[in-house]
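A short write-up of the structure that comes next.
Naming convention: chains lettered A, B, ... in sequence-line order (proteins, then strands); numbering from 1 in each chain.
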4 protein chains.
Amino acid sequence: MSERGGLFAGIFARAAGIGDTDWLQAMLDTEAALARALERAGLAEPGAGAMVTSAARAGRFDPAELGRQASLTGNPVPALVRALTAMLSPAAAAAVHQGATSQDIIDTAMMLLARRAAGAIAASLSRAAAAAAELAAAHQGTAMLGRTLLQQAVPVTFGLVAAGWLTGLDEARARLNTIRRDRLAVQFGGAAGTLASLGQDGPRVAALLATELGLADPGLPWHTNRLRVLELAAALAGACAATGKIARDVTLLAQTEIAELREGAAAGGQGTDGAGRRGGSSAMPHKRNPVAAIAILGCTRQTPGLLATLAAAAEQEQQRAAGAWQAEWQPLAHLLELTGSAAAWCADLLAGLEVDPARMRTNLAAAGGLPLAEHVTAVLAPRLGRLPAHDLVATAAARAASTGRPFRDILLEAGCGLTPGEVDAALDPTAYLGASGEFIAHALAAHREAEADADAEAGPPRSQPRHGGQPHPRA
Amino acid sequence: MSERGGLFAGIFARAAGIGDTDWLQAMLDTEAALARALERAGLAEPGAGAMVTSAARAGRFDPAELGRQASLTGNPVPALVRALTAMLSPAAAAAVHQGATSQDIIDTAMMLLARRAAGAIAASLSRAAAAAAELAAAHQGTAMLGRTLLQQAVPVTFGLVAAGWLTGLDEARARLNTIRRDRLAVQFGGAAGTLASLGQDGPRVAALLATELGLADPGLPWHTNRLRVLELAAALAGACAATGKIARDVTLLAQTEIAELREGAAAGGQGTDGAGRRGGSSAMPHKRNPVAAIAILGCTRQTPGLLATLAAAAEQEQQRAAGAWQAEWQPLAHLLELTGSAAAWCADLLAGLEVDPARMRTNLAAAGGLPLAEHVTAVLAPRLGRLPAHDLVATAAARAASTGRPFRDILLEAGCGLTPGEVDAALDPTAYLGASGEFIAHALAAHREAEADADAEAGPPRSQPRHGGQPHPRA
Amino acid sequence: MSERGGLFAGIFARAAGIGDTDWLQAMLDTEAALARALERAGLAEPGAGAMVTSAARAGRFDPAELGRQASLTGNPVPALVRALTAMLSPAAAAAVHQGATSQDIIDTAMMLLARRAAGAIAASLSRAAAAAAELAAAHQGTAMLGRTLLQQAVPVTFGLVAAGWLTGLDEARARLNTIRRDRLAVQFGGAAGTLASLGQDGPRVAALLATELGLADPGLPWHTNRLRVLELAAALAGACAATGKIARDVTLLAQTEIAELREGAAAGGQGTDGAGRRGGSSAMPHKRNPVAAIAILGCTRQTPGLLATLAAAAEQEQQRAAGAWQAEWQPLAHLLELTGSAAAWCADLLAGLEVDPARMRTNLAAAGGLPLAEHVTAVLAPRLGRLPAHDLVATAAARAASTGRPFRDILLEAGCGLTPGEVDAALDPTAYLGASGEFIAHALAAHREAEADADAEAGPPRSQPRHGGQPHPRA
Amino acid sequence: MSERGGLFAGIFARAAGIGDTDWLQAMLDTEAALARALERAGLAEPGAGAMVTSAARAGRFDPAELGRQASLTGNPVPALVRALTAMLSPAAAAAVHQGATSQDIIDTAMMLLARRAAGAIAASLSRAAAAAAELAAAHQGTAMLGRTLLQQAVPVTFGLVAAGWLTGLDEARARLNTIRRDRLAVQFGGAAGTLASLGQDGPRVAALLATELGLADPGLPWHTNRLRVLELAAALAGACAATGKIARDVTLLAQTEIAELREGAAAGGQGTDGAGRRGGSSAMPHKRNPVAAIAILGCTRQTPGLLATLAAAAEQEQQRAAGAWQAEWQPLAHLLELTGSAAAWCADLLAGLEVDPARMRTNLAAAGGLPLAEHVTAVLAPRLGRLPAHDLVATAAARAASTGRPFRDILLEAGCGLTPGEVDAALDPTAYLGASGEFIAHALAAHREAEADADAEAGPPRSQPRHGGQPHPRA
């Protein structure tokens with residue numbers, strides 16, 4: 001995890017770092033909300049909640065000292081609770097940590113960190129998707145080479161490429177929003193998940209705690225059921241998959257030899273190398289590196305390993321895991337940070353992306369019609385049969401490639417019966433774009449729906465209905 | 001991937017292996033459905049679909065020969081198409097693979113394999129959840145030691161433990177069912193995702209193909225947008241997390257020294273070691289190993305790495321990835337197989353689990369009241385203040401542990417002001433179970449809802465509404 | 001794990017699959033060697049070893065039946081022992097599995113599988129390295145564009161590129177050979193690592209078993225010390241890293257727009273698509289895909305996850321792990337198989353690689369001197385100072401890029417004081433290759449040493465000297 | 001990466017954190033050493049090296065500002081070079097970064113960080129091994145239950161358990177020391193690995209740079225050959241595997257119900273929970289958690305994912321990777337930090353470990369002879385035949401387990417022909433320890449050799465002999 005504003009923060013924590021102060025404040029927010037919940041439940045003195053809340057400010061605590069004490073008990077909460085308690089009157093102190101165990105505080109703090117980070121990620125994805133949608137709409141007719149297995153294939157449009165990016169971004173965002181709404185929940189179970197020290201009041205306090213924090217009430221503690229953490233991590237990995245795919249495409253299409261895309265200077269947020277050049281290299285004055293795309297990949301390539309760590313850590317023993325639980329803290333925070341950074345970079349990258357339709361046309365033209373070989377085959381198939389047509393065209397294409405002579409000429413010489421006009425029509429890339437336009441339209445319509453859904457969902461968290469007990473009135 | 005019935009299939013592919021025959025049939029099913037879709041779209045001769053379907057039986061093809069040819073093109077589809085075509089009349093042959101590229105066939109086949117496997121997994125999870133629900137209901141009052149960080153903590157009930165298992169199983173199943181319903185989709189894009197060789201008919205054929213196969217119509221190709229694969233993989237990892245947690249608990253609670261749980265002989269499906277002993281060891285005649293739990297862990301411990309592979313592979317270049325796509329085939333099939341095995345083992349394990357409430361009581365009693373130290377503190381806190389109460393009890397507990405004398409006696413001698421009756425009440429585990437009952441009730445109610453939801457969802461796949469083009473009538 | 005000759009074996013198991021038969025024979029080889037060792041130790045009747053060896057042929061056993069029974073005990077060994085015993089006279093039967101536990105057989109079998117596979121991998125790496133060395137030597141003077149961050153940088157030579165590949169291959173092979181020689185060891189510990197059932201004879205039998213199998217004698221059992229497995233896995237991942245880097249470079253340099261490299265038809269082992277075209281596409285007749293490079297990446301991209309699985313599985317409990325051990329079997333076999341496939345593909349790829357120096361020159365020329373901007377700066381720096389020189393050149397380079405005018409002309413107009421001859425000299429790529437030649441020479445010399453070392457090491461395995469007990473005479 | 005002294009540093013960075021200051025100083029050390037090397041090579045003015053060295057102190061730079069600028073170029077080096085240059089006279093400034101590219105500085109800095117951390121890790125592993133050796137020697141005769149698959153198996157000694165731990169620690173240390181000596185090397189290649197801007201002086205400067213830093217001279221740049229990084233990472237994962245196995249054993253053997261081991265208070269470094277209790281719980285006054293073992297697992301469980309990230313990142317394109325290289329920085333630093341923490345914790349844990357031989361005896365006795373069932377079988381086998389003996393004993397063991405009656409009595413009643421004295425002898429655990437003593441002796445002897453080797457290797461780094469060019473005199 002990066003400290004805010006650290007040496008690598010500009011790359012790996014572009015959105016926001018998750019540092020000691022963030023963790024500390026999230027734990028303190030949990031303790032404060034618990035005190036207020038206890039007060040509302042009649043289990044703490046009036047005013048205790050406000051007094052704890054007022055004391056619970058990260059700046060008043062020393063992370064290094066808490067860190068030292070954490071090695072005595074295996075986590076920083078006991079020392080934090082003692083330090084917080086020491087700042088308070090006995091009446092307020094009695095409301096601190098009542099009913100809770102360290103895991104309750106850390107897990108709930110993780111959820112608060114996740115909510116904040118996931119909100120920022122969703123916003124970045126939304127910005128990125130808006131930019132992708134614009135590109136898709138603007139370039140519906142911009143023909144370019146499609147490339148499969150890193151070889152020129154058949155024509156596509158850049159609008160279709162952008163529509164594919166858009167769909168990935170929208171899908172990633174939708175899943176992340178579902179997680180934010182349904183799966184970020186308070187953890188509150190006490191020593192072993194029974195809340196026994198609160199007698200019969202446990203579930204009521206848990207529900208009030210959820211209300212105070214704006215998190216879901218899970219219905220029962222999830223101390224060793226880690227599906228929430230795993231689902232969150234997978235949603236973050238999904239956002240990284242969507243942005244990483246875009247970044248890889250940009251690095252490939254921005255290669256000097258291809259040059260169909262280029263990162264914009266201003267919107268991409270890349271600045272200068274001190275001498276007025278953006279994306280510049282200190283050694284090589286002519287370079288203009290795709291810094292945003294590289295930064296995205298520098299983030300997203302770290303996430304599969306972190307996801308694996310969290311998936312493995314989900315096997316947690318009995319009522320609290322010895323090792324697996326502790327192994328979640330750093331990877332989850334790092335995953336939130338990296339995903340946030342990748343999403344923020346991606347939004348900037350797409351907003352400022354420079355598309356070069358002329359270069360796309362040039363590259364298509366330079367391919368000499370070979371990417372239309374499939375089309376020629378299709379035109380010939382009804383006359384010659386499919387396999388003979390395929391073989392004739394393949395032979396002609398191979399000859400064109402090996403001799404450097406125009407594919408068109410070789411086709412005309414091949415005695416396949418096509419007229420020059422028919423060959424030219426078959427070799428026109430804009431006549432062989434298939435359903436590109438319809439696919440773009442589908443992606444744009446789905447995007448508009450996703451936007452509408454996201455607006456509609458900007459409500460409070462959806463708690464699971466509490467089952468099985470007497471109703472718990474919520475304040 | 002295991003062959004069906006292989007040397008390790010009993011452990012790692014208990015539900016079903018995914019072998020060459022399965023892959024082959026899934027690819028053939030896709031080709032056959034495409035032929036039928038083309039016929040319905042008026043792009044193939046009447047009867048062609050039925051003829052292709054009739055020929056498309058895995059048993060008629062030689063996987064080894066196809067495998068040899070696969071090394072020429074990088075995947076087995078071209079050879080399969082040639083072999084299939086060779087079996088057909090020209091009219092039927094013309095309907096084979098029309099509009100498609102190899103990736104369309106492999107990706108759609110993966111989805112078919114996933115659908116079959118995910119259905120079996122969901123069924124196993126449902127059986128496991130039913131057994132967990134029974135255990136939760138039956139053992140609402142069965143007190144046992146809670147254990148945190150592998151140390152005795154405070155009392156819980158076995159019903160609560162089972163309720164935690166149940167919740168994990170239900171959550172995993174719900175996510176998997178959502179994936180099955182919404183995210184398993186046809187991939188059909190042709191050479192580079194435009195379906196250009198079908199002219200304007202592409203989207204209509206795609207929709208008909210989806211209908212034929214009972215998969216979702218994605219609206220646009222997802223050849224290099226791999227979020228579907230990643231979400232599926234994450235849902236499978238979730239099922240492994242839920243079952244792995246249960247298995248780890250069972251191995252721990254079945255330790256000879258604890259012996260609160262034991263795998264049942266019959267339902268667990270473990271047989272004998274050849275001499276009539278189940279879970280036996282050839283070397284050690286006295287042993288009874290928790291074979292089902294170990295097998296589950298042997299499966300689930302493999303899944304985080306596979307998930308990481310698929311997450312990393314989601315960064316796919318341009319219109320078809322060179323390497324990342326190919327790297328998905330084996331891990332996804334293996335993940336389906338292992339998750340299926342873990343879920344099947346888990347259902348058997350829970351259905352046959354032998355619970356020993358007497359041993360749980362004995363272990364609780366042997367703890368000499370120490371697990372109730374928190375309760376004693378709570379009773380003393382109003383009289384002494386919370387920290388002094390905590391310190392007094394901690395000192396007494398340490399004395400009891402070091403001397404071996406009863407905690408009760410030491411408390412009575414400690415001058416804390418409690419009467420023998422009060423001490424006995426404080427040390428009664430059944431009086432310190434907090435919200436266990438209510439939490440169990442919540443889990444059971446949520447389970448009943450999950451069952452009802454699952455029943456309701458047993459409908460056809462939900463396609464994304466097709467946007468942006470003229471409406472496509474579906475047959 | 002693939003069956004030999006299966007549907008995907010051509011891609012993922014090009015060298016050799018590790019299937020049920022291989023596992024079975026490796027286990028039987030271990031049992032047979034144990035019987036011979038017992039006989040040599042005087043613990044079995046004369047002739048027993050030969051009789052067991054004669055019976056221990058995989059073809060005589062039914063993997064499916066053993067697999068079914070494996071689910072009763074958690075591994076296939078007990079059933080195998082019973083089946084083997086049933087084939088033998090009582091005297092020979094008494095020599096079967098004496099002193100051993102299932103883990104001894106499976107772990108030692110894994111080592112045998114690893115030895116065979118690692119030998120093949122080392123041979124493939126050696127073939128690949130020989131081809132890389134030839135390329136490095138042949139292309140010492142072949143200038144080409146260096147590319148950093150997927151952008152044109154400064155000139156390099158293709159010889160230097162090949163020297164870098166060579167170094168990776170040699171390093172990977174050296175590590176793998178060390179592992180083969182020092183770390184592939186017999187596991188023999190009996191029920192819990194004491195060999196108690198053999199009385200005082202255990203270590204002597206272990207040493208004889210090692211001799212029989214040609215594996216190292218570890219000195220003490222390693223049943224729950226899995227560093228050998230982890231080191232083996234890491235060495236395999238190293239081979240994948242070396243080959244994967246080469247494959248990625250080939251896919252990039254073979255892009256249609258760059259076309260400096262191309263996979264050879266014959267040596268690459270790629271055949272035709274059925275119509276006489278190698279690396280062809282069924283849909284796109286003009287394509288020639290880099291099949292070998294893609295197959296390598298399809299293998300190597302799967303290995304980081306498998307490595308993670310084995311690293312996580314190294315945490316094994318007490319005297320035999322419940323889950324972590326079992327979770328090793330499939331990933332280790334798969335890792336051996338995939339690495340073997342990647343190495344075999346790589347040897348073929350490099351042996352047949354077609355290098356196009358003319359195209360490299362053309363691409364360099366097309367860059368219009370910009371890749372020499374650093375050189376121009378170096379020439380100017382003594383006259384203008386380093387930063388002013390850098391800024392002047394950067395401005396000129398940017399102007400050349402934006403206007404499309406020759407960098408040379410702009411430099412001459414820039415008033416930097418260079419004569420046309422000086423500019424031409426500065427822009428000559430062959431004059432700016434630095435230490436390329438020396439680096440190539442270093443790599444070639446190191447390669448010759450590596451070859452000599454590998455020849456010298458082709459001796460018997462190096463056992464750890466046995467310490468601490470009476471000397472054990474070995475036969 | 002943790003900042004030094006942060007909130008979680010006590011757990012995850014017990015040895016030392018790797019924070020911004022460490023990175024910054026390592027980069028500055030590299031720049032300073034380069035200036036000195038250039039001066040020694042006659043390429044910088046006399047005194048320039050000393051002046052740069054004097055300026056290159058991390059405290060003089062602002063990480064946050066460098067971080068902000070890093071987002072412009074994709075790494076913090078260009079801004080660092082400008083800031084460093086600005087502090088210097090022109091003559092000294094000319095010696096800064098000459099010939100280098102950003103990757104040279106970051107990669108070499110990583111190696112410096114690795115050397116420091118690996119040295120500390122090796123020292124911790126050495127301390128841990130010394131403690132394990134003491135335990136192995138002291139407890140050669142301390143019989144205890146062996147446990148396989150978490151079930152009681154046959155007797156072992158605690159000395160043998162400790163000898164297994166020792167072997168793992170020694171193996172991990174040996175590998176790490178080899179890496180430190182042979183594989184931590186300077187990276188110095190300039191813009192694209194040719195060192196062209198240094199003309200013919202490149203290799204000589206590289207060699208001098210290696211001498212200045214005490215790192216190996218690799219012979220040729222390794223900018224996109226990442227086997228060094230992968231091998232280092234694997235060696236760190238090996239150290240985590242060795243320590244993680246120990247920690248898992250300690251958590252299991254410290255379970256309240258088993259209680260054969262216990263973390264010591266003082267040596268373990270665990271302090272108090274603020275009220276004088278070490279390893280205490282704020283909620284449960286009776287608890288004494290195995291804090292050190294849990295912290296180790298909290299570290300080691302994070303490492304497989306980081307290893308996978310680095311293995312995947314080893315596939316680096318062309319002359320500098322776009323994404324894969326950047327994705328190494330954080331995981332490698334984190335891996336160094338976590339391994340250092342695990343090793344430091346492990347040394348403290350083993351140094352203070354409290355072993356309870358009496359409890360081991362008690363647990364053995366409580367097993368009622370069942371763990372000797374294998375021994376009884378062995379005694380009976382010559383009389384009854386092996387399978388009949390196995391079956392008789394298994395039946396007796398099952399009866400003992402189900403009835404709770406002594407195994408001894410049931411054996412005597414079983415008519416197996418053993419006398420009471422023979423049964424007692426067969427059930428004596430100390431008579432069934434096999435080669436435990438010899439195995440311990442082997443491990444201790446190997447440990448003494450490892451210590452001697454480590455002492456002998458405390459020399460300077462071993463560079464690869466430089467091949468292929470004129471000899472380079474080193475100062």
Exercise. Using a 4.5 Å cut-off on heavy atoms from C-beta on, say whether the side chain of Leu66(B) contacts that of Leu24(B).
Key: yes
Quiz prompt | Note, Trp325(C) side chain near Ile106(C) side chain (heavy atom, < 4.5 Å) | solution = yes
Self-check item: Heavy-atom pair count under 4.5 Å with chain C, highest-scoring of Ala321(B), Gly323(B), Ala79(B)
Solution: Gly323(B)
Quiz prompt | Pro304(C) versus chain B, the contacting section by heavy-atom distance below 4.5 Å | solution = neither
Quiz item: Can you tell if the side chain of Thr300(B) reaches within under 4.5 Å of the side chain of Thr243(B), non-hydrogen atoms only?
Solution: yes
Self-check item: Contact origin within Ala293(B) toward chain C - heavy atom pairs under 4.5 Å
Solution: neither
Quiz item: Taking every heavy-atom pair that is under 4.5 Å apart, which of Glu328(B), Gln302(B), Arg301(B) has the most such pairs with chain C?
Solution: Gln302(B)
Quiz item: Any donor and acceptor pair, going by atom type alone, linking the side chain of Gln255(B) with main-chain N or O of Thr251(B) inside 3.5 Å?
Solution: no
Quiz prompt | Glu317(B), part contacting chain C, at a heavy-atom distance under 4.5 Å | solution = side chain
Practice problem: Give the C-alpha distance, both sets of side-chain angles, the deciding distance and a yes or no for side-chain hydrogen bond (donor to acceptor under 3.5 Å, both in side chains) between His223(C) and Gln316(C). | Solution: CA-CA 9 Å; His223(C) 44 142; Gln316(C) 300 209 350; over 6 Å; no
Self-check item: Residue, of Gly190(C), Gly10(C), Gly298(C), that accumulates the most heavy atom pairs under 4.5 Å with chain B
Solution: Gly298(C)
Practice problem: Pick one of side chain, backbone, both or neither for Ala70(B), based on which atoms fall under 4.5 Å of a heavy atom in chain C. | Solution: both
Self-check item: Part of Ala322(C) within contact of chain B (heavy atom distance under 4.5 Å)
Solution: both
Quiz item: Can you say whether the rings of Trp23(B) and Phe8(C) are parallel (under 30°), tilted (30 to 60°) or perpendicular (over 60°)?
Solution: perpendicular
